[in-house]
Amino acid sequence: MDELNTGVPIAIHLDTYITQEGEQSHFTFDEDGQLFQMGDSVYLRYQETDEHTKEPVPVTMKIDNEGDVLLTRSGENKLRLRFSNGKRIQARYRTPYGILLVDTVTPFLEVRMRDQPISGTVNVNYQLFAGESLLGDYKIRLQFTA
């Protein structure tokens, strides 16, 4: 996997399922991205298109050697969420209206990667809380192939 130091073009298929206040939403993205390795971590980078503004939103998913995932979205709203199986982790959600402190609770996290061909999946089920209030249940289903 030496080519991962400089980056490998990948195709990304992403399904996101959201349940908030009893209502369900499902979003699907098919994007081109890059996969590369720095130290013990693997990074997936791609751009989503904001559903409201239609502007590109840079997204980075860092997978560390423990299997934890750090998701960073860098649009108008800046978000850094860390997912670790069975843990509650505080995060900051920066909006135009200020910073909102949120917590992620991750009951399910699975990362699978293969070298030949370079491919993998990242599956995350998580809950997002503001204090003790549940904001929603989320599922991320990401597949990538070189």
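Just so you know, these numbers use all the heavy atoms, side chains as well, and skip hydrogens, waters and symmetry mates. Along the sequence shown, residues carry numbers from 1.
The aromatic rings of Tyr126 and Phe83 sit tilted, their planes meeting at an angle between 30° and 60°.
Two residues are said to be in side-chain contact when any heavy atoms from C-beta on lie closer than 4.5 Å; Phe144 and Met61 fail this criterion. A 4.5 Å side-chain heavy-atom check between Phe108 and Val124 finds every atom pair outside the cut-off. Side-chain contact check for Met38 versus Tyr43: some heavy-atom pair is nearer than 4.5 Å. The side-chain heavy atoms of Thr72 and Lys62, taken from C-beta on, include no pair separated by under 4.5 Å.
In the hydrophobic cluster analysis, where Ile, Leu, Val, Met, Phe, Trp and Tyr join through side-chain heavy atoms closer than 4.5 angstrom, Leu44 is grouped together with Val8. Connection of Met113 to Leu70 is not established within any shared hydrophobic cluster, with ILVMFWY side chains joined at heavy-atom distances below 4.5 Å, either directly or through further cluster members. One hydrophobic cluster holds both Phe27 and Tyr93 under the rule that ILVMFWY side chains link at heavy-atom gaps under 4.5 Å. Put simply, Leu128 and Leu79 are part of the same group of oily side chains (I, L, V, M, F, W, Y) that touch within less than 4.5 Å, one to the next. Residues Leu71 and Val102 fall within the same hydrophobic cluster, defined by Ile, Leu, Val, Met, Phe, Trp and Tyr side chains chained together at heavy-atom separations under 4.5 Å.
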Evaluate Ile118 against Thr145 for side chain to side chain contact (heavy atoms under 4.5 Å, CB included), listing each step before the verdict.
CA-CA 6 Å; Ile118 294 174; Thr145 53; over 6 Å; no
Before you tell me yes or no, could you show the steps for Ser84 and Ile89 under side chain to side chain contact (heavy atoms under 4.5 Å, CB included), namely the whole-Å CA-CA distance, both residues' side-chain angles and the distance that decides it to 0.1 Å?
CA-CA 8 Å; Ser84 185; Ile89 300 173; 3.7 Å; yes
Trace of the side chain to side chain contact (heavy atoms under 4.5 Å, CB included) decision for Asp30 with Leu14:
CA-CA 6 Å; Asp30 286 296; Leu14 175 65; over 6 Å; no
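Gln47 meets the side chain to side chain donor-acceptor pair (under 3.5 Å) test with no other residue; sequence neighbours excluded. For Asp64, the salt bridge (Lys or Arg N to Asp or Glu O under 4.0 Å) partners two or more places apart in sequence, or in a different chain, are Arg82. With sequence neighbours left out, Thr28 forms a side chain to side chain donor-acceptor pair (under 3.5 Å) with Asp15, His26. When the salt bridge (Lys or Arg N to Asp or Glu O under 4.0 Å) test is applied to Glu55, no partner is found at least two apart in sequence or on another chain. Residues passing the side chain to side chain contact (heavy atoms under 4.5 Å, CB included) test with Leu134 are Gln127, Phe129, Asp137, sequence neighbours excluded.
Within the structure, side-chain hydrogen bond (donor to acceptor under 3.5 Å, both in side chains) contacts touching residues 96-109 (residues at least two apart or in different chains) are Arg88-Asp103.
Atom CZ of Arg141 and atom CG of Asn125 lie 4.5 Å apart (nearest 0.5 Å). Distance check: Ile99 CD1 to Leu101 CG gives 7.5 Å after rounding to the nearest 0.5 Å. With rounding to the nearest 0.5 angstrom, the CG atom of Asn123 is 10.5 Å from the NZ atom of Lys139. A distance of 7.0 Å separates CG of Leu100 from OG1 of Thr95, quoted to the nearest 0.5 Å. The CD atom of Gln34 lies 8.5 Å from the CZ atom of Arg45; values are rounded to the nearest 0.5 Å. Between the CD atom of Glu110 and the OG1 atom of Thr121 there is a distance of 5.5 Å, given to the nearest 0.5 Å.
Between Leu81 and Ala91, the shortest heavy-atom distance links the atoms CD2-CB, 3.7 Å.
In Gln90, the CD atom is crowded: over 12 heavy atoms of neighbouring residues, nucleotides or ligands sit closer than 6.0 Å. Arg80 CZ: 12 or fewer foreign heavy atoms inside a 6.0 Å radius.
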